[in-house]
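Below, chain A is the first sequence line, B the second, and so on; all start at residue 1. If you're wondering where the values come from, they're calculated on a predicted model, not measured in any experiment.
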Protein chains: 2
Amino acid sequence: MNKGAQTRAAILDHAVAIAGVHGLAGMSIARLAGVTGMSKSGLFGHFGSKAALQRAVLETAAEQLARSVLGPAQREPTGEARLRSLFSRWLAWIDADERPGGCPLLFASIELAERPGELRDFLVDHQEIWIDRIRQMCQKAVAEGNFREGLDTRQFAFEFHGIGLGFNFARRFLADSRALTHANTALDRLIAAAS
Amino acid sequence: MNKGAQTRAAILDHAVAIAGVHGLAGMSIARLAGVTGMSKSGLFGHFGSKAALQRAVLETAAEQLARSVLGPAQREPTGEARLRSLFSRWLAWIDADERPGGCPLLFASIELAERPGELRDFLVDHQEIWIDRIRQMCQKAVAEGNFREGLDTRQFAFEFHGIGLGFNFARRFLADSRALTHANTALDRLIAAAS
DNA sequence: GCTAAAATCGCACGAACGTTCGCATAGTTC
DNA sequence: GAACTATGCGAACGTTCGTGCGATTTTAGC
């Protein structure tokens, strides 16, 4: 890896963390330069614009999510087991200490919900794909007989997603120690109703 | 009402809307002055600091929520009916056109999740009370025999809240037309399991 | 080890930010 | 209507924002 690419990756690691705390808009180049030990202009040169930096942050976060949540889950056996694996890895990703603010993509989605533009489009695409992945896994569980025939898989994905959002809120904002138990219980109930 | 209080209220109405789109940090005094037709300094004088303005915005939003969601629900008969009323009014509040960005308190909670301070404390208090209200209504439904004895009311409140978050996300961010149906189905399932 | 390219820096810019101030005007009270 | 206060404005402050540019250092290929 080039020196440039190397530096760029290091910058983005810090940037994801900052964006998780202060949001994409609150992630200023001066602050980012401070924590990376670079000059503003030196850092800026890697991206060319603030928007490009924000875009790179979202792409980095999406890659990290794919690598540490979706990827491992897809190596599990299909059906209910894979769904459960995805769920627990997703919660762990949200709760990870090294990434303050929980899931940066969730934060950015709320932040940009009413602000049309390239960044928002990227996020909508990502989140729609994410929810559809859940639906597909659910569909697979139906096909394999884990879940009952005729199950509304879209409804399942909606509720699955809602539990994750509730966990993100309870854990990161309210610092509720019971959040994990509640989320797991909710998933058990969801799966039981689907079986 | 004084001229001052009147103007202040008008400012805050606009401020809640702007905060719902751009967040508390992105709600600049210049922008707010623009939509209210005032000068920056004239507007600023009503609050004395940006932080005080932000605080007033949160208090205004909390009052609006209490007036249009919690209050009416508490005039319904207790038990399951009141919970259902609270739920549908909550969804309507999230989906209201005149308040872009959904629930401004939800947005602010995510925004300030990792930024300790007076504003965050206010929000944590508010959200804990909100979730506890759900729990209390659930408890009442148990006492009245709508719900089964021994029901975990905290768990119920967690799931109830998660459905609302899922609806907020699907409706405001993904613009999913099926969100309302999904949320209502999820609530039915939650209540059926509690009965 | 030389050289071209890439990376980084210091510096400066215009714009927007929150905030302050003195002054005019509008509202309220008698 | 006079006296007083509350309200609002315009101009300016110092700071921070994203961005551009020329100079300088570091890296990579021969």
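- Contact annotation: the side chain of R115(A) approaches that of H22(B) to within less than 4.5 Å [non-hydrogen atoms, C-beta and beyond].
- Between dG8(D) and T7(B), a contact under 4.0 Å exists linking OP1 or OP2 to a side-chain N or O.
- Between H161(B) and W90(B), the two ring planes are parallel [angle under 30°; tilted spans 30° to 60°].
- Fit an axis to the five pairs at each end of the helix from dG1(C)-dC30(D) to dC30(C)-dG1(D) and the two axes sit 30° apart, to the nearest 10 degrees.
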Could you please spell out the steps behind the side-chain hydrogen bond (donor to acceptor under 3.5 Å, both in side chains) verdict for N2(A) and Q6(A)? CA-CA 6 Å; N2(A) 283 347; Q6(A) 202 169 316; over 6 Å; no
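- At whole-Å resolution of the value, CZ in R55(B) and P in dG18(C) are 19 Å apart.
- If you take NE2 of H46(A) and C1' of dT8(C), they are 8 Å apart, rounded to a whole angstrom.
- Between F122(A) and H126(A), the ring-plane angle classifies as parallel under the 30° and 60° cut-offs.
- What separates CD of Q6(A) from P of dT27(D) is a distance of 10 Å, to the nearest Å.
- Put simply, K3(B) has no side-chain N or O that comes within less than 4.0 Å of OP1 or OP2 on dT5(D).
- In the hydrophobic clustering of ILVMFWY residues, with side-chain heavy atoms under 4.5 Å counting as a link, L119(B) and V21(B) come out apart.
- Of all the residues in residues 31-44 of chain B, K40(B), S41(B), F44(B) reach under 4.0 Å from DNA chain C with at least one non-hydrogen atom.
- Here the closest non-hydrogen pair linking M27(A) and K50(A) is O-CE, 3.2 Å.
- Considering only side-chain atoms of I29(A), the nucleotide from dT7(D), dT19(D), dA7(C) that sits closest is dT19(D).
- Nucleotide dC17(C) holds its P atom 14 Å from the CD atom of Q54(B), rounded to whole Å.
- Contact record, A61(B) with P104(B): CB-CG, 3.8 Å, taken as the closest heavy-atom pair.
- Defined by atom type and a distance below 3.5 Å, a donor-acceptor pair is missing between the side-chain atoms of T185(B) and R189(B).
- To the nearest angstrom, C1' of dA16(C) lies 13 Å from NZ of K50(A).
- Side-chain atoms of R171(B) come within 3.5 Å of backbone N or O of D176(B) as a donor-acceptor pair.
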